[in-house]
Amino acid sequence: MRKPIAVLGVALAPVALTAGVIAAAPQTADGAIATYKLTYASLPNGTKQVVRWNGCQKTITYKVNLAAVPSAQRSAVLSDTKAAVAKVALNTKFVFTYKGTTSEVPKVGSMARQSAELVIAFTSPSKTNYSLAGSTLGQGGLYYGWVSRTVNGRTSYTVAAQRGFVVIDTPQMLNQARGGTGTGLRRTNLLAHELGHAVGLQHVSDTRQQMYPSIRTASPTLFYTGDRAGLAKVGKAAGCINTAYMPLKDLS
């Protein structure tokens, strides 16, 4: 067997704000509109694989940067963050472990230096090179690694998520979104959307889902049926991944 080749990739997507009232979408026939979409890695042999976290990873560690949040509001914002993470954990069955606050702000290329698998930063557009331009409230995504293994002339590929991140335009968030859980323009809904990207979900066109590209006054509370189905697909039940030789270490 030749030495495996390890490579990193990235998948990310922003969420924008839509402030106008949008009525609930009418029911559609099964399969008419995709209610969840997964992240795929394109591999050198022309195939694609779903990008997900290792189902046998003991825990996914996370830290939160609250530097841009006014001191009086930090406790509430951290509580909302933990509530959103807890909902992701409930639907994926992954264990997320809070490792405290950090001064880190995710940037393109910073993944190898993250002190936790997932960093959630309440920041400002000038502090990160992930785009928070215009009405974009946040960006979330994940970094994945793949390893090729060749045995008896046959090459196979293993893909796994290695790091995740969320960056939030904090001044705009505080101005536009309320705290607590519930429908509509809530911090928890914004965070749930971006955390969905960090565990492998992509945007959908179904306005009933949290993974719709814009947060709206009709946004569901944390996750809706399609979101939950997608989270289950990339969750613990999807099984173990052999992460030996992956470019980044498990920090749990």
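Within the 3.5 Å criterion, the main-chain N or O of Glu104 finds a donor-acceptor partner in the side chain of Asn65. Under a 3.5 Å cut-off, the side chain of Thr128 and the backbone N or O of Pro106 do form a donor-acceptor pair. In terms of modelled atom types and a separation under 3.5 Å, the side chain of Gln209 and the main chain of Val204 share no donor-acceptor contact. Listed for the Arg208 side chain is no donor-acceptor partner under 3.5 Å among the backbone atoms of Pro220. In this structure, Thr188 contributes its side chain and Gly180 its backbone to a donor-acceptor pair below 3.5 Å.
Checked by atom type, the side-chain pair Thr39/Gln202 shows a donor-acceptor distance below 3.5 Å. Residues Arg149 and Thr158 have side chains that bring a donor and an acceptor to within less than 3.5 angstrom of each other. Glu117 and Gln162 share no side-chain donor-acceptor pair at under 3.5 Å.
Between Leu190 and Ile168 there is a side-chain heavy-atom pair separated by less than 4.5 Å. At a threshold of 4.5 Å between non-hydrogen side-chain atoms, the residues Lys58 and Val95 do not count as touching. Side-chain atoms of Gln210 and Asn189, non-hydrogen and from C-beta on, do get closer than 4.5 Å to each other. The side-chain heavy atoms of Leu142 and Val199, taken from C-beta on, include no pair separated by under 4.5 Å. In this structure, Phe122 and Met173 have side chains that are in contact, with non-hydrogen atoms separated by less than 4.5 Å. Counting heavy atoms from C-beta outward, Asp169 and Thr136 have side chains that stay 4.5 Å or more apart. Contact check for Trp53 versus Ile60: side-chain heavy atoms found under the 4.5 Å cut-off.
Linking Ile, Leu, Val, Met, Phe, Trp and Tyr whenever their side-chain heavy atoms come within less than 4.5 Å puts Leu248 and Val108 in one cluster. The hydrophobic cluster containing Ile120 also contains Phe94, counting ILVMFWY residues as joined when their side-chain heavy atoms lie under 4.5 angstrom apart, directly or transitively. Leu195 and Val50 fall within a single hydrophobic cluster, where Ile, Leu, Val, Met, Phe, Trp and Tyr are joined by side-chain heavy atoms under 4.5 Å apart, directly or via other members. Note on Val119: it does not cluster hydrophobically with Met111, by side-chain heavy-atom contacts below 4.5 Å among ILVMFWY residues. Val166 and Phe96 fall within a single hydrophobic cluster, where Ile, Leu, Val, Met, Phe, Trp and Tyr side chains are chained together by heavy-atom contacts under 4.5 Å.
Annotation: cation-pi geometry not satisfied between Arg163 and Phe165 (NZ/CZ under 6.0 angstrom from ring centroid, within 45° of ring axis).
In terms of the side chain to side chain contact (heavy atoms under 4.5 Å, CB included) criterion, residue partners of Thr101 (sequence neighbours excluded) are, by chain and number, Leu66, Tyr98. By the side chain to side chain contact (heavy atoms under 4.5 Å, CB included) test, Pro44 is found to be paired with Trp146, Tyr157, residues two or more places apart in sequence or in another chain being considered. Residues passing the side chain to side chain donor-acceptor pair (under 3.5 Å) test with Asn45 are Thr47, sequence neighbours excluded.
Annotation for Leu118 and Ala198: closest pair CD1-CB, 4.1 Å, computed over non-hydrogen atoms. Scanning all heavy atoms of the two residues, the minimum distance from Ala41 to Tyr144 falls at CB-CE1, 3.5 Å. Minimum heavy-atom separation, Ala84 to Leu222: CA-CD2, 4.2 Å. Taking each heavy atom of Ala160 and Thr243 in turn, the nearest pair found is CB-CG2, 4.1 Å. When all heavy atoms of Ile241 and Asn54 are compared, the pair lying nearest together is N-OD1, 2.8 Å. Heavy-atom minimum distance, Ser219 versus Ser214: OG-O, 4.2 Å.
The stretch residues 87-97 participates, sequence neighbours left out, in these side chain to side chain donor-acceptor pair (under 3.5 Å) pairs: Thr59-Thr97. Pairs passing the side chain to side chain donor-acceptor pair (under 3.5 Å) check and including a residue from residues 225-242, sequence neighbours excluded, do not occur. Pairs of residues two or more places apart, or lying in two chains, that qualify as side chain to side chain donor-acceptor pair (under 3.5 Å) and include a residue from residues 68-86 are Asp80-Arg187.
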Report task. Check step by step if side-chain contact (heavy atoms from CB on, under 4.5 Å) holds for Gln114 and Lys63. Result -> CA-CA 9 Å; Gln114 284 189 188; Lys63 291 185 177 182; over 6 Å; no
Report task. For Leu43 and Gln49, run side-chain contact (heavy atoms from CB on, under 4.5 Å): C-alpha distance rounded to whole Å, both residues' side-chain angles, the deciding distance at 0.1 Å, then the answer. Result -> CA-CA 8 Å; Leu43 301 169; Gln49 283 190 33; 3.7 Å; yes
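Taken to the nearest 0.5 Å, the CZ atom of Arg186 stands 6.5 Å off from the OG1 atom of Thr181.
In this structure, His203 and His193 have tilted ring planes: the angle between them lies in the 30° to 60° band.
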